[in-house]
Amino acid sequence: MKKAILYMIVSTFSFTLMNSVVKYLASFPTFEIVFFRSLGSFVLGTTYILWKGIDIWGNKKTLMLVRSFLGLTAMSLFFMSLKYLPVGTAVSLRYLSPIFATIFAVLLLGEKLRPMQWPLFFLAFLGVLILKGFDSAIDNTGLVLILAASVFSGLVYVAIRRIGKSDPPIIIVNYFMFVGTVIGGILSIFNWKVPEGNDWWLFLGLGIFGFFGQIFMTKAFQIAKTNVVAPLKYIEVVFTITVGVLWFGDVYTIWSFLGILMIVGALVANVFVAKK
(Lines give C-alpha, C1' and ligand atoms only; values in the text may rest on other atoms or scores of the structure.)
Protein backbone atom coordinates (compact mmCIF):
# COMPACT_ATOMS: atom_id res chain seq x y z
CA MET A 1 0.00 0.00 0.00
CA LYS A 2 2.77 2.45 0.95
CA LYS A 3 4.57 1.66 -2.28
CA ALA A 4 1.43 2.38 -4.33
CA ILE A 5 0.98 5.72 -2.56
CA LEU A 6 4.62 6.60 -3.24
CA TYR A 7 4.21 5.64 -6.91
CA MET A 8 1.14 7.90 -7.25
CA ILE A 9 2.89 10.83 -5.59
CA VAL A 10 5.84 10.46 -7.98
CA SER A 11 3.40 10.13 -10.90
CA THR A 12 1.35 13.21 -10.02
CA PHE A 13 4.49 15.28 -9.41
CA SER A 14 5.90 14.17 -12.78
CA PHE A 15 2.68 15.21 -14.55
CA THR A 16 2.74 18.51 -12.63
CA LEU A 17 6.23 19.25 -13.93
CA MET A 18 5.17 18.29 -17.46
CA ASN A 19 2.10 20.56 -17.38
CA SER A 20 4.13 23.41 -15.93
CA VAL A 21 6.74 23.10 -18.68
CA VAL A 22 3.95 23.14 -21.30
CA LYS A 23 2.60 26.32 -19.72
CA TYR A 24 6.08 27.86 -19.76
CA LEU A 25 6.48 26.96 -23.46
CA ALA A 26 3.06 28.44 -24.36
CA SER A 27 4.69 30.82 -26.87
CA PHE A 28 5.56 27.81 -29.06
CA PRO A 29 2.98 26.35 -31.50
CA THR A 30 0.78 23.73 -29.85
CA PHE A 31 1.62 20.90 -32.25
CA GLU A 32 5.34 21.52 -31.84
CA ILE A 33 4.85 20.96 -28.10
CA VAL A 34 2.78 17.86 -28.88
CA PHE A 35 5.58 16.59 -31.12
CA PHE A 36 8.32 16.93 -28.49
CA ARG A 37 6.07 15.63 -25.70
CA SER A 38 5.25 12.53 -27.76
CA LEU A 39 8.72 11.96 -29.21
CA GLY A 40 10.48 11.81 -25.86
CA SER A 41 8.00 9.33 -24.40
CA PHE A 42 7.94 7.29 -27.62
CA VAL A 43 11.73 6.85 -27.58
CA LEU A 44 11.73 5.87 -23.90
CA GLY A 45 8.70 3.59 -24.32
CA THR A 46 10.07 1.81 -27.39
CA THR A 47 13.42 1.29 -25.65
CA TYR A 48 11.67 -0.24 -22.64
CA ILE A 49 9.48 -2.49 -24.80
CA LEU A 50 12.43 -3.81 -26.81
CA TRP A 51 14.45 -4.32 -23.62
CA LYS A 52 11.63 -6.36 -22.06
CA GLY A 53 11.02 -8.30 -25.28
CA ILE A 54 7.33 -7.30 -25.46
CA ASP A 55 5.47 -7.56 -28.77
CA ILE A 56 5.56 -3.94 -29.92
CA TRP A 57 2.56 -4.32 -32.28
CA GLY A 58 0.09 -5.56 -29.68
CA ASN A 59 -3.24 -7.28 -30.39
CA LYS A 60 -6.12 -4.81 -30.76
CA LYS A 61 -4.32 -2.53 -33.20
CA THR A 62 -7.39 -0.73 -34.57
CA LEU A 63 -8.77 0.09 -31.12
CA MET A 64 -5.35 1.29 -29.97
CA LEU A 65 -5.14 3.60 -32.98
CA VAL A 66 -8.62 4.96 -32.21
CA ARG A 67 -7.55 5.50 -28.60
CA SER A 68 -4.41 7.25 -29.86
CA PHE A 69 -6.25 9.74 -32.08
CA LEU A 70 -8.76 10.48 -29.31
CA GLY A 71 -5.89 10.96 -26.86
CA LEU A 72 -4.00 13.17 -29.30
CA THR A 73 -7.06 15.39 -29.70
CA ALA A 74 -7.54 15.62 -25.93
CA MET A 75 -3.86 16.40 -25.33
CA SER A 76 -3.75 19.06 -28.06
CA LEU A 77 -6.87 20.80 -26.72
CA PHE A 78 -5.45 20.71 -23.19
CA PHE A 79 -2.15 22.23 -24.32
CA MET A 80 -4.07 24.93 -26.22
CA SER A 81 -6.11 25.76 -23.11
CA LEU A 82 -2.93 26.43 -21.14
CA LYS A 83 -2.37 29.49 -23.33
CA TYR A 84 -5.54 31.02 -21.83
CA LEU A 85 -5.96 29.57 -18.32
CA PRO A 86 -3.92 29.35 -15.11
CA VAL A 87 -2.28 25.93 -15.11
CA GLY A 88 -3.95 24.83 -11.84
CA THR A 89 -7.41 25.78 -13.10
CA ALA A 90 -6.86 23.96 -16.41
CA VAL A 91 -5.76 20.77 -14.64
CA SER A 92 -8.76 20.95 -12.27
CA LEU A 93 -11.24 21.36 -15.15
CA ARG A 94 -9.58 18.58 -17.13
CA TYR A 95 -10.52 16.22 -14.31
CA LEU A 96 -14.13 16.49 -15.39
CA SER A 97 -13.21 13.77 -17.89
CA PRO A 98 -14.31 10.89 -15.56
CA ILE A 99 -17.85 12.32 -15.69
CA PHE A 100 -17.89 12.24 -19.48
CA ALA A 101 -16.26 8.81 -19.40
CA THR A 102 -19.05 7.49 -17.17
CA ILE A 103 -21.77 8.98 -19.39
CA PHE A 104 -20.16 7.55 -22.54
CA ALA A 105 -19.76 4.16 -20.83
CA VAL A 106 -23.50 4.16 -20.08
CA LEU A 107 -24.41 5.13 -23.66
CA LEU A 108 -21.80 3.08 -25.57
CA LEU A 109 -20.95 0.15 -23.30
CA GLY A 110 -24.26 -0.33 -21.50
CA GLU A 111 -22.70 0.17 -18.05
CA LYS A 112 -24.88 1.12 -15.10
CA LEU A 113 -24.73 4.41 -13.22
CA ARG A 114 -25.42 4.49 -9.49
CA PRO A 115 -28.12 7.03 -8.46
CA MET A 116 -25.73 8.79 -6.07
CA GLN A 117 -23.35 9.61 -8.94
CA TRP A 118 -25.77 12.08 -10.54
CA PRO A 119 -25.76 14.62 -7.65
CA LEU A 120 -21.97 14.32 -7.50
CA PHE A 121 -21.72 15.10 -11.21
CA PHE A 122 -24.07 18.05 -10.71
CA LEU A 123 -21.88 19.31 -7.86
CA ALA A 124 -18.79 19.13 -10.09
CA PHE A 125 -20.47 21.09 -12.89
CA LEU A 126 -21.73 23.60 -10.34
CA GLY A 127 -18.07 24.08 -9.41
CA VAL A 128 -17.35 24.89 -13.06
CA LEU A 129 -20.14 27.49 -13.07
CA ILE A 130 -18.74 29.08 -9.91
CA LEU A 131 -15.29 29.21 -11.48
CA LYS A 132 -16.65 30.80 -14.64
CA GLY A 133 -19.06 33.16 -12.90
CA PHE A 134 -16.78 34.52 -10.19
CA ASP A 135 -13.21 34.04 -11.47
CA SER A 136 -12.18 36.71 -13.97
CA ALA A 137 -9.12 34.63 -14.93
CA ILE A 138 -11.36 32.08 -16.66
CA ASP A 139 -11.16 32.97 -20.34
CA ASN A 140 -14.09 31.78 -22.50
CA THR A 141 -11.82 30.34 -25.19
CA GLY A 142 -9.77 28.49 -22.58
CA LEU A 143 -12.91 27.15 -20.91
CA VAL A 144 -14.30 25.78 -24.20
CA LEU A 145 -10.94 24.18 -25.04
CA ILE A 146 -10.50 22.49 -21.67
CA LEU A 147 -14.10 21.21 -21.59
CA ALA A 148 -13.62 19.78 -25.11
CA ALA A 149 -10.37 18.18 -23.92
CA SER A 150 -12.29 16.58 -21.03
CA VAL A 151 -14.90 15.17 -23.41
CA PHE A 152 -12.25 13.54 -25.60
CA SER A 153 -10.42 12.26 -22.52
CA GLY A 154 -13.68 10.63 -21.47
CA LEU A 155 -13.83 8.88 -24.85
CA VAL A 156 -10.23 7.74 -24.31
CA TYR A 157 -11.26 5.94 -21.10
CA VAL A 158 -14.05 4.16 -22.97
CA ALA A 159 -11.63 3.08 -25.71
CA ILE A 160 -9.24 1.72 -23.09
CA ARG A 161 -12.10 -0.23 -21.50
CA ARG A 162 -12.83 -1.78 -24.90
CA ILE A 163 -9.16 -2.73 -25.28
CA GLY A 164 -9.31 -4.35 -21.85
CA LYS A 165 -6.36 -6.48 -20.73
CA SER A 166 -5.54 -7.75 -24.21
CA ASP A 167 -2.51 -5.46 -24.41
CA PRO A 168 -0.04 -4.19 -21.77
CA PRO A 169 -0.43 -0.52 -20.77
CA ILE A 170 3.02 0.32 -22.14
CA ILE A 171 1.94 -0.82 -25.63
CA ILE A 172 -1.26 1.24 -25.51
CA VAL A 173 0.68 4.33 -24.39
CA ASN A 174 3.39 3.72 -27.01
CA TYR A 175 0.81 3.66 -29.81
CA PHE A 176 -0.47 6.98 -28.49
CA MET A 177 3.03 8.49 -28.41
CA PHE A 178 3.81 7.21 -31.91
CA VAL A 179 0.67 8.82 -33.35
CA GLY A 180 1.41 12.02 -31.42
CA THR A 181 4.96 12.12 -32.80
CA VAL A 182 3.87 11.60 -36.41
CA ILE A 183 0.81 13.88 -36.44
CA GLY A 184 2.42 16.50 -34.21
CA GLY A 185 5.50 16.53 -36.41
CA ILE A 186 3.52 16.87 -39.65
CA LEU A 187 1.22 19.64 -38.34
CA SER A 188 4.13 21.64 -36.92
CA ILE A 189 6.24 21.67 -40.11
CA PHE A 190 4.72 24.84 -41.52
CA ASN A 191 4.57 26.67 -38.17
CA TRP A 192 7.88 25.66 -36.62
CA LYS A 193 9.59 27.85 -34.06
CA VAL A 194 13.24 26.93 -33.49
CA PRO A 195 13.95 26.31 -29.77
CA GLU A 196 16.87 28.24 -28.32
CA GLY A 197 19.17 27.62 -25.34
CA ASN A 198 17.31 26.13 -22.38
CA ASP A 199 14.20 25.55 -24.51
CA TRP A 200 15.80 22.31 -25.71
CA TRP A 201 16.15 21.02 -22.15
CA LEU A 202 12.54 21.93 -21.40
CA PHE A 203 11.31 20.10 -24.50
CA LEU A 204 13.42 17.09 -23.50
CA GLY A 205 11.85 17.21 -20.04
CA LEU A 206 8.33 17.02 -21.50
CA GLY A 207 8.81 13.48 -22.75
CA ILE A 208 10.71 12.33 -19.66
CA PHE A 209 8.20 13.73 -17.15
CA GLY A 210 5.25 12.42 -19.16
CA PHE A 211 6.80 8.94 -19.49
CA PHE A 212 7.60 8.53 -15.80
CA GLY A 213 4.24 9.98 -14.82
CA GLN A 214 2.52 7.31 -16.90
CA ILE A 215 4.78 4.45 -15.76
CA PHE A 216 4.47 5.14 -12.03
CA MET A 217 0.71 5.64 -12.32
CA THR A 218 0.40 2.27 -14.07
CA LYS A 219 2.53 0.60 -11.38
CA ALA A 220 0.34 2.05 -8.63
CA PHE A 221 -2.87 0.76 -10.23
CA GLN A 222 -1.29 -2.66 -10.70
CA ILE A 223 -0.48 -3.23 -7.01
CA ALA A 224 -3.38 -1.51 -5.20
CA LYS A 225 -7.16 -1.24 -5.46
CA THR A 226 -8.51 1.43 -7.80
CA ASN A 227 -10.64 3.12 -5.14
CA VAL A 228 -7.51 3.53 -3.02
CA VAL A 229 -5.17 4.75 -5.75
CA ALA A 230 -7.49 6.81 -8.01
CA PRO A 231 -8.26 9.60 -5.49
CA LEU A 232 -4.52 10.16 -5.02
CA LYS A 233 -4.30 11.32 -8.62
CA TYR A 234 -6.07 14.52 -7.59
CA ILE A 235 -2.97 15.49 -5.61
CA GLU A 236 -1.84 16.77 -9.01
CA VAL A 237 -4.28 19.66 -8.60
CA VAL A 238 -2.60 20.71 -5.34
CA PHE A 239 0.88 20.38 -6.82
CA THR A 240 -0.08 22.30 -9.96
CA ILE A 241 -1.79 25.18 -8.15
CA THR A 242 1.28 25.52 -5.93
CA VAL A 243 3.64 25.58 -8.91
CA GLY A 244 1.32 28.01 -10.72
CA VAL A 245 1.42 30.46 -7.82
CA LEU A 246 5.17 30.18 -7.23
CA TRP A 247 6.37 29.95 -10.85
CA PHE A 248 3.79 31.80 -12.94
CA GLY A 249 2.39 34.19 -10.32
CA ASP A 250 -1.16 32.83 -10.74
CA VAL A 251 -3.71 34.43 -8.44
CA TYR A 252 -6.65 32.48 -6.99
CA THR A 253 -9.66 34.01 -5.26
CA ILE A 254 -11.81 32.35 -2.62
CA TRP A 255 -14.30 31.60 -5.42
CA SER A 256 -11.54 29.91 -7.42
CA PHE A 257 -10.71 27.61 -4.54
CA LEU A 258 -14.40 26.93 -3.84
CA GLY A 259 -15.04 25.93 -7.46
CA ILE A 260 -11.93 23.74 -7.62
CA LEU A 261 -12.76 22.13 -4.26
CA MET A 262 -16.28 21.30 -5.47
CA ILE A 263 -14.97 19.74 -8.67
CA VAL A 264 -12.22 17.68 -7.06
CA GLY A 265 -14.28 16.75 -4.00
CA ALA A 266 -17.21 15.51 -6.11
CA LEU A 267 -14.94 13.45 -8.35
CA VAL A 268 -13.04 11.88 -5.47
CA ALA A 269 -16.38 10.96 -3.87
CA ASN A 270 -17.49 9.51 -7.19
CA VAL A 271 -14.52 7.11 -7.15
CA PHE A 272 -15.73 5.59 -3.88
CA VAL A 273 -19.44 5.60 -4.85
CA ALA A 274 -18.78 3.94 -8.21
CA LYS A 275 -16.78 1.13 -6.55
CA LYS A 276 -19.42 0.17 -3.98
Side-chain angles (χ1 to χ4, degrees), residues 8-9 11-27 30 74-104 113-154 157 213 230-274:
M8 280 304 294
I9 291 175
S11 171
T12 54
F13 189 65
S14 296
F15 282 129
T16 296
L17 291 175
M18 185 194 75
N19 294 333
S20 300
V21 171
V22 172
K23 176 70 174 179
Y24 186 80
L25 295 170
S27 62
T30 297
M75 180 170 66
S76 301
L77 290 168
F78 173 62
F79 287 176
M80 289 177 188
S81 75
L82 289 176
K83 298 178 185 292
Y84 303 94
L85 298 172
V87 62
T89 302
V91 169
S92 302
L93 290 171
R94 186 187 61 180
Y95 276 120
L96 290 171
S97 55
I99 295 179
F100 296 114
T102 302
I103 294 172
F104 288 134
L113 192 65
R114 294 182 181 276
M116 186 57 195
Q117 288 180 270
W118 287 113
L120 291 175
F121 291 169
F122 176 77
L123 181 63
F125 278 113
L126 187 59
V128 175
L129 294 178
I130 288 176
L131 271 176
K132 177 55 191 154
F134 295 97
D135 190 342
S136 59
I138 302 297
D139 179 271
N140 286 333
T141 301
L143 182 61
V144 170
L145 288 170
I146 195 61
L147 290 178
S150 298
V151 170
F152 278 96
S153 292
Y157 295 146
L232 295 174
K233 187 159 176 55
Y234 293 95
I235 297 174
E236 183 183 349
V237 175
V238 178
F239 284 155
T240 308
I241 289 176
T242 303
V243 171
V245 171
L246 297 178
W247 189 359
F248 300 107
D250 293 340
V251 177
Y252 292 90
T253 66
I254 187 65
W255 292 109
S256 304
F257 284 117
L258 177 60
I260 291 172
L261 182 62
M262 290 172 67
I263 294 169
V264 174
L267 295 175
V268 170
N270 178 63
V271 173
F272 290 99
V273 171

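Below, each value reflects all heavy atoms present in this structure, side chains not excepted, and no hydrogens, waters or symmetry copies. Just so you know, residue 1 is the first one in the sequence shown, and it goes up from there.
Under the 30°/60° scheme for interplanar angles, the aromatic rings of Phe257 and Tyr252 are found to be tilted. Using bins of under 30°, 30° to 60° and over 60° for the plane-to-plane angle, the ring pair Tyr24/Phe248 lands in the tilted bin.
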Side chain to side chain contact (heavy atoms under 4.5 Å, CB included) evaluation trace for Thr141 with Lys83: CA-CA 10 Å; Thr141 301; Lys83 298 178 185 292; over 6 Å; no
Leu147 vs Val151, side chain to side chain contact (heavy atoms under 4.5 Å, CB included): CA-CA, chis, key distance, verdict: CA-CA 6 Å; Leu147 290 178; Val151 170; 5.7 Å; no
Stepwise side chain to side chain contact (heavy atoms under 4.5 Å, CB included) test for Asn19 and Phe78: CA-CA 10 Å; Asn19 294 333; Phe78 173 62; 3.3 Å; yes
Pair Val91-Arg94, side chain to side chain contact (heavy atoms under 4.5 Å, CB included): steps then yes or no: CA-CA 5 Å; Val91 169; Arg94 186 187 61 180; 4.2 Å; yes
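Under the side chain to side chain donor-acceptor pair (under 3.5 Å) criterion, Tyr157 pairs with no residue at all, not counting sequence neighbours. Here Leu258 pairs with Ile130, Trp255, Met262 under the side chain to side chain contact (heavy atoms under 4.5 Å, CB included) rule; sequence neighbours left out.
Dense packing is recorded around CZ of Phe104, with more than 12 heavy atoms of other residues, nucleotides or ligands lying under 6.0 Å away. The number of heavy atoms from other shown groups lying within 6.0 Å of CZ (Phe152) does not exceed 12. Heavy atoms from other residues, nucleotides or ligands lying under 6.0 Å from CG of Leu246 number more than 12.
Counting only distance, with no hydrogens or angles, the side chain of Ser150 and the backbone of Leu93 share a donor-acceptor pair below 3.5 Å. A donor-acceptor contact shorter than 3.5 Å links the side chain of Lys23 to the backbone of Leu85.
Side chain to side chain, Thr253 and Ser256 meet the donor-acceptor criterion of an N or O pair below 3.5 Å.
Looking at heavy atoms from C-beta onward, Val243 lies out of side-chain contact with Val87 at the 4.5 angstrom threshold.
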